[in-house]
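For the numbers below, each heavy atom of this structure counts, side chains included, while hydrogens, waters and symmetry mates do not. Counting begins at 1 with the first residue of the sequence.
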Amino acid sequence: TPLTMVALFHVLDEHLELPQGMVNLVIGDAGPIGEVLCTHPDVAMLSFTGSTEIGRKLIRDTADQVKRLALELGGNAPFVVFEDADLDAAADALVANKLRGSGQTCVCANRVYVQGEERVLAFSQKLAERVDKLRVGDGADPDTDVGPLIDRAGYEKVRRHLVDALEHGGEMVCGRSPEQLDPERDLFFPPTVVRGVTDDALCAREETFGPLFPIFAFADEEEVVRRANGTEAGLAAYVFTEDPERAVRVIEALRFGHCGWNTATGPTPEAPFGGMKQSGYGREGGIEGLFDFVEFQTVPRPHED
């Protein structure tokens, strides 16, 4: 991520004539940098993308100054596949969505809900066929499909979620068993599909942030909306159905700021993007994304005849 910002600033320098100091890239330890941004009176507003935990810390650290914040925080995205959905299209979309950044983005699907036990079996097999063909390895290699996780802590969290899912009724469809996974050896976690997981599993309650596909069965529309909303997060959700009326009903009932219908694409620059509940407040993108950076001023004037 730091390298992408270095590349962006090279592009800005080459193609734009900006006033000196208008845009700055500061690289270093997050603690001291964050402290200055939170406490310095010349910083009028902060926009932050990251975990809910750090978002809460920023709220506390800026409270004395009543500083404006735009927070895009953690997710726990449901991916809902109804009985009338195109399973192949849904499987393709899920693989592309879930393995973006090796599963390490806030809009990655975290909980996969499939209607009916028979469809769970069929869908999990389609997923396994797709992920088994992917190459896991060095992200700088153009032939690589899935790169490493960010660090040992991230790797161990995904492994812990896998172990817990298996302990809560999950059945491995593809991937490596937990005994074969060792963060001391490397950070390459293979895409793993587990079906039959229950709602008390960690991967249902927490954001996994890695290439684990836990599949949950559901019976009807009312049930899946209730279970999908059963999280403190409200960032992204995805609904696959061929019924437009059902799509409208379900999406309106889901408490997520970004809801894809028969697509698992993420935010686009022209549309406002942000979360509900503890996924933060404020928006990025679109006209709405500019409002967080604007102070509106009303100037009444005497009436003139």
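Here the side chain of Asn110 pairs no donor or acceptor atom with the backbone of Ala77 at under 3.5 angstrom. A donor-acceptor distance shorter than 3.5 angstrom exists from the side chain of Arg68 to the backbone of Val294, with no hydrogens or angles considered. Looking only at distances, no side-chain donor or acceptor of Lys126 sits under 3.5 Å from a matching main-chain atom of Ala90. Checking side-chain atoms of His258 against main-chain N and O of Thr265 turns up a donor-acceptor pair under 3.5 Å. Using modelled atom types, no side-chain atom of Ser279 and backbone atom of Gly75 make a donor-acceptor pair closer than 3.5 Å. Proximity of a side-chain donor or acceptor of Thr198 to a complementary backbone N or O of His168 within less than 3.5 Å is detected. Judged by distance alone, with hydrogens and angles left aside, the side-chain atoms of Thr231 form a donor-acceptor pair with the main-chain N or O of Ala233 at under 3.5 Å. In this structure, the side chain of Asp186 does not engage the main chain of Pro148 through any donor-acceptor pair within 3.5 Å. Here the side chain of Lys67 pairs no donor or acceptor atom with the backbone of Leu58 at under 3.5 angstrom. A donor-acceptor pair under 3.5 Å links the side-chain atoms of Gln65 to the main chain of Thr39, judged by distance alone.
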What do the steps show when you test Leu69 against Tyr281 for side-chain contact (heavy atoms from CB on, under 4.5 Å), and what is the final call?
-> CA-CA 8 Å; Leu69 297 173; Tyr281 44 76; 3.9 Å; yes
Could you check Val80 against Glu221 for side-chain contact (heavy atoms from CB on, under 4.5 Å), going step by step and ending with a plain yes or no?
-> CA-CA 10 Å; Val80 182; Glu221 187 177 310; over 6 Å; no
Give the C-alpha distance, both sets of side-chain angles, the deciding distance and a yes or no for side-chain contact (heavy atoms from CB on, under 4.5 Å) between Asn229 and Phe256.
-> CA-CA 8 Å; Asn229 282 336; Phe256 295 84; 3.5 Å; yes
Please test Val81 against Gln115 for side-chain contact (heavy atoms from CB on, under 4.5 Å), starting from the C-alpha separation and ending with a verdict.
-> CA-CA 6 Å; Val81 182; Gln115 188 171 19; over 6 Å; no
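The shortest non-hydrogen separation linking Lys277 to Gly234 is CE-CA, 4.2 Å. Across all non-hydrogen atoms, the minimal contact from Leu149 to Ser102 is CD2-O, 3.7 Å. Counting all heavy atoms, side chain and backbone alike, Asn262 lies closest to Phe240 at OD1-CA, 3.2 Å. Shown here for Phe216 and Cys203, the closest heavy-atom pair between the two residues is CZ-SG, 4.2 Å.
Note: Lys157 NZ to Phe209 CZ = 8.5 Å, rounded to the nearest 0.5 Å. Distance CG/Asp61 to CD1/Ile54: 9.5 Å, rounded to 0.5 Å.
Ring-plane geometry between Tyr238 and Phe79 is classed as tilted, the angle between the planes lying from 30 to 60 degrees on a 0 to 90 degree scale.
Val225 and Val114 are assigned to two separate hydrophobic clusters, defined by single-linkage of ILVMFWY side chains at heavy-atom distances under 4.5 Å. Residue Leu18 is grouped with residue Leu8 when hydrophobic side chains (ILVMFWY) are merged at heavy-atom distances under 4.5 angstrom, including chains of intermediate members. Leu71 and Leu235 are members of different hydrophobic clusters when ILVMFWY side chains are connected at heavy-atom separations under 4.5 Å. Connection of Leu202 to Leu166 is not established within any shared hydrophobic cluster, with ILVMFWY side chains joined at heavy-atom distances below 4.5 Å, either directly or through further cluster members. Phe188 and Val131 fall within a single hydrophobic cluster, where Ile, Leu, Val, Met, Phe, Trp and Tyr side chains are chained together by heavy-atom contacts under 4.5 Å.
Inter-residue side-chain proximity for Val173 and Leu127 is flagged as unmet; no heavy-atom pair is nearer than 4.5 Å. Residues Asp145 and Leu99 have side chains not in contact (no heavy-atom distance under 4.5 Å, counting atoms from C-beta outward). Leu181 has its side chain within reach of Leu162: a pair of non-hydrogen atoms, C-beta onward, lies under 4.5 Å apart. Taking the side chain as every heavy atom from C-beta outward, Leu25 and Val6 approach each other to under 4.5 Å. When side chains are defined from C-beta on, Cys259 does not count as touching Val239, because their heavy atoms never get closer than 4.5 Å. Under the 4.5 Å side-chain criterion, counting only non-hydrogen atoms from C-beta, Met172 is in contact with Thr192. Side chains of Pro191 and Val136 form a contact here, defined as non-hydrogen atoms less than 4.5 Å apart. Looking at heavy atoms from C-beta onward, Tyr113 lies out of side-chain contact with Phe82 at the 4.5 angstrom threshold.
Remark: Ala70 pairs with Met45, Ser47, Asp292 by the side chain to side chain contact (heavy atoms under 4.5 Å, CB included) rule, at least two apart or across chains.
At a threshold of 4.0 Å, the pair Glu223-Arg226 does not count as salt-bridged, since none of the basic side-chain nitrogens sits closer than that to a carboxylate oxygen. Using a cutoff of 4.0 Å between basic side-chain nitrogens and carboxylate oxygens, Arg119 and Asp84 are not scored as salt-bridged. Here Arg160 does not pair with Asp164 in a salt bridge; the nearest charged N to carboxylate O distance is not below 4.0 Å.
Around the CD atom of Glu242, the shell of radius 6.0 Å holds more than 12 heavy atoms that belong to other residues, nucleotides or ligands.
Between Asn76 and the options Gln278, Arg111, Glu207, a side chain to side chain donor-acceptor pair (under 3.5 Å) holds for only Arg111.
The hydrophobic side chain of Val11 is isolated, with no ILVMFWY side chain under 4.5 Å apart from it.
Using modelled atom types and a 3.5 Å distance limit, the side chains of Ser124 and Glu171 yield no donor-acceptor pair. When only modelled atom types and interatomic distance are considered, Asp243 and Thr241 share no side-chain donor-acceptor pair under 3.5 Å.
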